[in-house]
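Numbers here simply count residues along the sequence, with the first being 1. Source: prediction; values computed, not measured.
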Amino acid sequence: MKAVTCLLVAAALVTQAFADDGEAKKRLEAAQAAWSEPEKALEEINRALDAEPSGLLADQCKLFKASVLQELGEVDEAETYFSELIRKLGTSREKVARVIKGEAMSRKARILFTNRGDTRAAVQLLVSSLRANPNPGTADMASVLYLRLGRDPEKYDEKQRAKWLQLATQFNEESLRMNLEANKRRPEILAKNKAKFDLQAAMILFVTGKEDEGKAKFAAIPAQDLTAATLYQQGLFLALTGDEAGALAKMKEFIESRDTPSARNIARGVARSEPDLVEHLKRPEWAEVFGEDEKVHRRRSKPTSQPNK
């Protein structure tokens, strides 16, 4: 997994809530450090769960484990964990519990969108996630999904699409505001989040008829702040503006950034369902990248990989 997600930032913050230096906490920290080595991360997090099978620390471990599984494309197992955490934490008012629940809802929303094809259910879950755990990354994802809804003429009429695009704008503005508030003392995270959210703003401007403003917004984003997490959106923006070669190059990089056949297939599925890529995907060079899925050999789960009851 080449891109460190905002989940790791949230996870590190939650870890501070646990004052003891017990075995489970050490194993969780080791798993977080091994994020780019998923099998090692899973081994460490399983040991953490063996040491601490229940309680909020165990819930955080399950959240982390499910997120690793999701990045590997093991979405059914990941979704089981996320659903369990959402049910278990319910209406808890503890801050740590709300953070874990909010992250679980946000990650499950990604599954509903990328694997189940249910964009509306995904965005509704994101809104609920924001109530539990206000987070600029979650607000950005809501904006991205509302934008997609607003670009789908086959499912929604013009009036409904306009409503979706208005909500995309509102959540984009909220993500920028929350980023300033949450990361004012962490300039690197602030800058990278801002670049990602400004890219979304550029996209919204372009598709709502403010094409020159959208292009100017995109051109002003510092290239060094655009992480691998923005590759798909960069490719989509370039496709919208007519830069065919640039768009395809970014999309290829996006596919290659996924570490397993299953994860790459999921990425291909996202592109194939993108309203703004329909015509592009008819071209042979695009079909070569997105048309055929790879064979998937399922990872064997260890007994400890099942959610603790």
Side-chain angles (χ1 to χ4, degrees), residues 1-5 7-8 31 34-46 62-84 106-119 121-122 141 144-145 148 227-236 238-239 244-307:
M1 291 172 289
K2 298 170 183 169
V4 177
T5 70
L7 171 75
L8 297 186
W35 173 261
S36 61
E37 303 174 76
E39 294 302 330
K40 181 178 178 181
L42 288 174
E43 182 179 347
E44 291 290 351
I45 209 66
N46 281 334
K62 291 176 185 179
L63 173 66
F64 182 87
K65 179 174 181 176
S67 302
V68 175
L69 291 169
Q70 184 177 15
E71 294 298 322
L72 288 172
E74 302 290 340
V75 293
D76 291 338
E77 189 176 356
E79 187 176 12
T80 298
Y81 277 101
F82 294 139
S83 297
E84 177 201 15
S106 180
R107 301 288 292 196
K108 181 176 177 178
R110 278 182 53 191
I111 293 174
L112 293 176
F113 167 58
T114 60
N115 300 90
R116 315 300 183 215
D118 196 340
T119 307
M141 187 177 173
V144 169
L145 296 194
R148 175 176 278 227
T227 68
T230 69
L231 286 170
Y232 180 83
Q233 292 297 92
Q234 289 184 66
L236 182 57
L238 294 172
E244 189 80 17
L248 187 56
K250 289 296 181 184
M251 288 299 186
K252 285 181 178 178
E253 196 175 350
F254 162 64
I255 294 294
E256 292 167 359
S257 72
R258 316 309 296 160
D259 289 311
T260 66
S262 181
R264 288 190 290 273
N265 290 343
I266 291 168
R268 292 183 180 97
V270 170
R272 287 198 294 261
S273 63
E274 180 68 64
D276 285 309
L277 293 182
V278 171
E279 293 304 315
H280 296 277
L281 292 169
K282 294 176 182 177
R283 300 182 181 116
E285 61 271 26
W286 284 72
E288 183 179 348
V289 177
F290 294 106
E292 187 173 344
D293 289 342
E294 301 171 55
K295 289 185 177 180
V296 175
H297 298 285
R298 307 302 296 179
R299 185 187 62 84
R300 288 187 177 182
S301 297
K302 299 178 182 179
T304 50
S305 69
Q306 297 301 318

* For side chain to side chain contact (heavy atoms under 4.5 Å, CB included), just list the numbers for S257 and L231, CA-CA rounded to whole Å, side-chain angles, deciding distance to a tenth of an Å, and then say yes or no. => CA-CA 9 Å; S257 72; L231 286 170; 4.2 Å; yes

* Asked: Can a salt bridge be assigned to the pair E279 and K282 using a cut-off of 4.0 Å between side-chain N and carboxylate O?
  -> yes

* Look at the rings of W286 and H280 and say which category their plane angle falls in: under 30° parallel, 30 to 60° tilted, over 60° perpendicular. => tilted

* Any chance you could lay out the side chain to side chain contact (heavy atoms under 4.5 Å, CB included) test for I45 and V68, step after step, and finish with the verdict? => CA-CA 10 Å; I45 209 66; V68 175; over 6 Å; no

* Structure fact -> All heavy atoms of Y81 vs all of A66, minimum pair found to be CB-CB, 3.5 Å

* Asked: Can you tell if the side chain of K250 reaches within under 4.5 Å of the side chain of L236, non-hydrogen atoms only?
  -> no

* Structure fact -> Between A122 and L112 the two heavy atoms that sit nearest each other are CB-CB, 4.0 Å

* **By side chain to side chain donor-acceptor pair (under 3.5 Å) - contacts of E294 (at least two apart)** => R264, R268

* Asked: Are R148 and D118 ion-paired here, with the side-chain N under 4.0 Å from a carboxylate O?
  -> no

* Asked: Does the pair R110/E79 count as a salt bridge with the N-to-O cut at 4.0 Å?
  -> no

* To do: Just jot down the salt bridge (Lys or Arg N to Asp or Glu O under 4.0 Å) partners of D276, sequence neighbours excluded, or say none.
  => R151

* Would you call E71 and P38 a side-chain contact if the rule is heavy atoms closer than 4.5 Å? -> no

* Minimum side-chain heavy-atom gap Y232-E274 below 4.5 Å -> yes

* To do: Please tell me if the side chains of S67 and F82 come closer than 4.5 Å, counting only heavy atoms from C-beta onward.
  => yes

* Asked: Under the 3.5 angstrom rule, does the side chain of R258 hit a backbone N or O of A267 as a donor-acceptor pair?
  -> no

